[in-house]
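Inspection log for the structure reproduced underneath, given as structure tokens.
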Amino acid sequence: MSVILEAHDLVKRYPLGEGEVEALRGISLSVEKGEFVAIMGSSGSGKSTMLQLLGGLDLPTSGEVVIDGVSLTTLDEEQRTLTRRAKTGFVFQYFNLIPLLSVIENIALPFLISGESLAAHRPHVDALLDLVGLTAKAHNSPDQLSAGEQQRVALARALATEPAIILADEPTGNLDYTTGTEILDLLWDSCDRLGQTIVLVTHDARAAAYADRVFVVRDGALLDEVDLGRRSDHQAGALIGRLAELGL
Ligand SMILES: Nc1ncnc2c1ncn2[C@@H]1O[C@H](COP(=O)(O)OP(=O)(O)OP(=O)(O)O)[C@@H](O)[C@H]1O
Ligand SMILES: [Mg+2]
């Protein structure tokens with residue numbers, strides 16, 4: 001296994017009024033290629049901040065993030081954007097689809113943004129539509145889809161560039177239990193079958209139980225790391241027991 005994502009002593013302070021909020025207080029971690037890790041913690045503990053820094057959407061106040069051998073802090077903004085587009089795929093709680101584009105165009109968006117045509121990527125995009133079970137709805141607009149279907153489009157879009165890492169922030173937070181399970185199963189399949197590296201932010205132990213390893217965050221610091229091993233070999237009970245001990 002090789003390391004694909006590293007964080008070294010990440011500190012993030014946000015300006016707030018006259019003062020500042022210290023959202024992260026020195027986070028270090030590393031993720032192996034093909035690993036599925038989860039970041040858990042209560043509201044305000046710094047999970048989304050961590051994910052934004054790990055994926056290069058924002059820069060730390062101090063510390064370093066290295067994605068697939070590239071240190072984000074050494075790049076200028078344009079290089080960082082290009083690296084982020086090439087190496088990461090994001091999935092958010094509220095889908096973030098473009099309403100004026102069809103399903104297939106939303107999936108192909110990373111290519112369209114880079115000035116490439118849908119036609120040039122058609123077989124690959126068709127395979128993604130099939131993967132998320134939306135071939136029949138390829139030409140619908142997002143507002144004609146259910147919430148679960150919209151999140152499946154967002155996931156296919158995140159996978160489109162075959163990124164080094166998928167970063168997902170509460171991807172099931174806006175979905176019911178069954179629909180949420182479909183999204184988690186798709187994430188799991190992409191990890192298990194395609195070797196996709198996944199970093200999942202969640203406050204739901206059921207979602208975290210899909211991961212190989214769970215980082216527990218409290219007040220901007222890593223409180224614990226729970227090693228579950230491959231999902232096929234473990235039970236959610238072990239994680240839930242540990243979380244109860246930690247008071248989560
Ligand atoms: N842009 C910002 N400006 C100022 N403070 C911020 C900003 N973003 C986050 N914070 C603060 O940083 C801390 C961590 O926020 P963050 O959004 O990372 O938490 P979270 O764990 O994702 O919470 P939730 O589960 O509610 O999404 C909180 O105290 C929050 O108020
Ligand atoms: Mg959050």
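Whatever order the structure lists them in is the order used to number ligands and atoms, beginning at 1.
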For atom CD of Glu245, decide whether the heavy atoms of other residues, nucleotides or ligands shown that lie under 6.0 angstrom number more than 12. yes
Check: Val217 and Leu222 side chains under 4.5 Å, non-hydrogen atoms: yes
Nearest-0.5 Å distance, CG of residue Leu200 to CG of residue Leu187: 6.5 Å
May I ask you to check whether over 12 heavy atoms, not counting those of His203, lie within 6.0 Å of atom NE2? no
Which residue and non-hydrogen atom of the protein lie closest to atom 9 (C) of ligand 1, and at what distance in Å? Tyr14 CE1, 3.3 Å
Taking the side chain from Ser28 and the backbone from His8, do they hold a donor-acceptor pair closer than 3.5 Å? no
OG1 of Thr135 to CG of Asp130, rounded to nearest 0.5 Å, is 4.5 Å
For atom 16 (P) of ligand 1, the protein heavy atom that lies nearest, with its residue and separation: Thr49 OG1, 3.6 Å
Would Lys47 count as being in polar contact with ligand 1, using the rule that some N or O on each side must be under 3.5 angstrom apart? yes
Looking only at the side chains, is there a donor atom on one of Asp204 and Thr202 sitting less than 3.5 Å from an acceptor on the other? no
Kindly state if atom 7 (C) of ligand 1 has a protein heavy atom within a strict 4.0 Å cut-off, that is, under 4.0 Å? yes
Among protein heavy atoms, which sits nearest to atom 12 (O) of ligand 1, and what does the distance come to when rounded to 0.1 Å? Ala23 CB, 3.3 Å
Numbered in order shown, the ligand 1 atoms found under 4.0 Å of a heavy atom of Ser42 are 21 (O)
Looking only at protein heavy atoms, what sits closest to atom 14 (C) of ligand 1 is Gly44 O, 3.5 Å
Are any of the N/O atoms on Gly46, whether in the backbone or the side chain, positioned under 3.5 angstrom from an N/O atom of ligand 1? yes
Keeping the roles fixed (side chain from Arg157, backbone from Leu109), state whether a donor-acceptor pair exists under 3.5 Å. no
Close approach, Gly220 and ligand 1, non-hydrogen under 4.0 angstrom: no
Closest to atom 26 (O) of ligand 1 (judged by heavy-atom distance), picking from Gly41, Ser48, Ser43: Ser43
Give a yes/no answer: is there an N/O/S atom of Ser48 under 2.8 Å from the Mg ion (ligand 2)? yes
Under 4.0 Å from atom 31 (O) of ligand 1, is there at least one protein heavy atom? no
